[in-house]
Each structure stands twice: as C-alpha cells, then as structure tokens.
Amino acid sequence: MGDSSYLLGTHTEELERLRFQHELWLPAARAAWQRAGLSTGMCVLDVGAGPGFAAMDLARIVGPTGRVLALELSEAYVAAGQAMARREQLPQLELRQHNLLRDSWPTEGFDLAWCRWVAMFLPELDPLLTGLEQSVRLGGQLVLHEYVHWDTFGLHPKGRAIALFGQACQRSFREAGGDPDPNRRLPALLTARGWRIEALQPIPVAGGSRSMAGQWLQRFVEVYGVRLQELGLWSHSDAAEARAEIAAAADDPGSFWVGPTVLELRASRAE
C-alpha cells in the first residue's frame, strides 16, 4: 500500500487514480479559485497537496511573480511533485514535507489557502485551524473542498454491493480517526475562531459509466476495495458482486453513479 501513514496508500495505482481525479475536479477547483480572487503575483498555501497536481495549476496561475507553498505528509508524494515542478520549470512552486498535526506552520501571511479532502482524514481539526490562522494574512481567503454528505455515494438503480462499499469506506475513515463529512462542522468551527464565511456551495457529481464522473468512482471502488478487504470491512463476495454490478451498469444506458457530495466553503480571515 506504500506509505503506511496514508489510509488510501501512495502506491502507483493510487497515484494514477489521483491524477485522473484531478482532471475531473480541475474545472471546479479553478472556478473556486476564481471566486476567491486568485490572480498573478499572489502567495498561495496548498494544504495537504498530495503529489502536487493542484499546486502545479496554482503555480501557473500566480506566475513567476507569485509563490505557491505545498505542504504534504508523504515523502513519496513530495518527491513526485518536486520532479514535476522541475520538469515544468516552475521555480515559484515549493513542495515541503510537513505533518499538519505536529510540525510548525509557515507564518508568511499567505493571500489564499487551498485545502481539498484533507480535514476528513485528520483525527483532530484544531491543529489545522490553528495552522491556517498562523499562515493566512488578515483579509486573506480560505477555500475548502470537503465532503458534507458521503451517503449520496452509489450506483443506481442496481448497486447493492456498491452501497456496502460506500458504508465500508465511511467506517474505515472513522476507525482511522477521521470524519467522512467534516464540512458539517467546519463552518461553525471557523466562525467561532473569527473567520467570516463568504460562501457555501454544494458540488454534486454524477454520470453514467462512460462519463469521467462514473470512471472516477469506478476506479475508487477498484483501488480502495482492495484496502477495505485487507481491513476486513468488505468481503471478497461483496467485491465480486460489485464487479458484476459495474459490468451490468456499463451495458445499461439508464444506470448512473453519484458521488459523495462536496461542499465548497470559502471564508476570509477577518481583519
């Protein structure tokens, strides 16, 4: 599974899944950054950057007069991102190995902080919120894309085993100390600390088997299903049934996938 500190792993299959995932979600990310006022010359903090796909896009937008600092726990992902930054000749991008719960956060006064699918894996949120306070300048923006309703995940109209997979996913997140739906709590936690909520916007994703959305969700079942079986949370018979459901859906133009619902949370650090 690669890095044992990662529930989803850092192996090759997961890296490729993340690459495809980034392609699917890039339009939503770019729209969120535009709403937050991202522009040339800004300083941006990418929190929990993974292998750096989003950080690369952020670096291209801020240009050589800006800066992007990407914080990431996995040594393997940091190395992959650094190699990409060198190939693309983006000196404004720095990837730094960083433990969000234990290491000291940068205090440079970033204009914008970006965080996607990170809070859901943290056993506690206070270190994340404290770190963001230390890193974002007064008046700066925070954009969070985190799940708010994981129960929407499913394959319809026939997806019993896929539904069991979704339930097993949520159980695995909770047993590892995380929360599959952290954006149910984050708006209240941020306002209690003095942040101002600028916008809350749900982002649903759905599509047939041949759509990018359907392929993304199918890949997640294929890759993470192996891990769930290792954890004893999903059976081999469930996996076999899920493969049959996926195959049947591919031949049924009326079948469709729905992903867990993301909530875009945009907040500003009150001056």
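Separation of the Trp105 and His98 ring centroids falls under the 6.0 Å cut-off.
Atom CD in Glu230 sits 12.0 Å away from atom OG in Ser172 (nearest 0.5 Å). Considering OG of Ser235 and CD of Gln229, their distance stands at 7.5 Å, rounded to 0.5 Å.
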Legend entry - Criterion side-chain contact (heavy atoms from CB on, under 4.5 Å) on Trp257 and Val221, from CA distance to verdict: CA-CA 12 Å; Trp257 290 83; Val221 173; 4.1 Å; yes
Inset, instruction - Could you give me the CA-CA distance, side-chain angles and deciding distance for His145 and Trp114, then say whether ring pair (Phe, Tyr, Trp, His ring centres under 6.0 Å) is met? - result: CA-CA 8 Å; His145 277 189; Trp114 160 249; 5.0 Å; yes
Legend entry - Audit row: His22, Asp57, side-chain contact (heavy atoms from CB on, under 4.5 Å) steps and yes/no: CA-CA 10 Å; His22 177 66; Asp57 289 297; 2.6 Å; yes
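The aromatic rings of Tyr224 and Phe220 lie parallel to each other, with less than 30° between the two planes, well short of the 60° mark.
Heavy atoms only, all atoms of each residue included: Leu112 and Leu142 are closest at CD1-N, 4.5 Å. When all heavy atoms of Leu129 and Leu186 are compared, the pair lying nearest together is CD2-CD2, 4.0 Å. Nearest approach of Leu217 to Val258, heavy atoms of both residues: CD1-C, 3.8 Å. Nearest heavy atoms, Asn99 versus Asp103: N-OD2, 2.7 Å. Minimum heavy-atom separation, Gln92 to Ala59: NE2-O, 2.9 Å. Annotation for Leu69 and Pro106: closest pair CD2-CG, 3.8 Å, computed over non-hydrogen atoms.
When only modelled atom types and interatomic distance are considered, Ser268 and Glu198 share a side-chain donor-acceptor pair under 3.5 Å. Inspection of the Gln170 and Asp151 side chains reveals an N or O donor paired with an N or O acceptor under 3.5 Å. With 3.5 Å as the limit, one finds no donor-acceptor pair spanning the side chains of Arg30 and Gln34.
Although no hydrogens or angles enter the test, the distance criterion places a donor-acceptor pair under 3.5 Å between the side chain of Glu245 and the main chain of Ala161. Checking side-chain atoms of Glu264 against main-chain N and O of Leu200 turns up no donor-acceptor pair under 3.5 Å. Checking side-chain atoms of Asp181 against main-chain N and O of His149 turns up a donor-acceptor pair under 3.5 Å. Checking side-chain atoms of Thr40 against main-chain N and O of Gly63 turns up no donor-acceptor pair under 3.5 Å. The backbone N or O of Gly140 lies less than 3.5 Å from no partner atom in the side chain of Arg269, so there is not a single donor-acceptor pair. Side-chain N or O atoms of Gln82 include one that pairs as donor or acceptor with a backbone N or O of Leu95 at under 3.5 Å. For Arg184 (side chain) and Val148 (main-chain N/O), a donor-acceptor pair under 3.5 Å exists by modelled atom type.
Counting heavy atoms of neighbouring residues, nucleotides and ligands inside a 6.0 Å radius, atom CD of Glu124 exceeds 12 of them. In the displayed structure, Gln201 atom CD is contacted under 6.0 Å by more than 12 heavy atoms of other residues, nucleotides or ligands.
In the hydrophobic clustering of ILVMFWY residues, with side-chain heavy atoms under 4.5 Å counting as a link, Trp195 and Val118 come out together.
Across Asp126, Thr130, Leu132, a single residue satisfies side chain to side chain contact (heavy atoms under 4.5 Å, CB included) together with Leu128, and that is Leu132.
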Output side-chain donor-acceptor pairs under 3.5 Å for residues 42-56, partner residues at least two apart or in another chain, one line each.
from, atom 1, to, atom 2, distance (Å)
Asp46, OD2, Ala55, N, 3.4

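We find that Glu241 and Arg160 are joined by a salt bridge, their nearest charged nitrogen and carboxylate oxygen being less than 4.0 Å apart.
Residues forming a ring-ring contact (aromatic ring centres under 6.0 Å, His included) with Trp25 (at least two apart in sequence, or on another chain): Trp117, Trp216.
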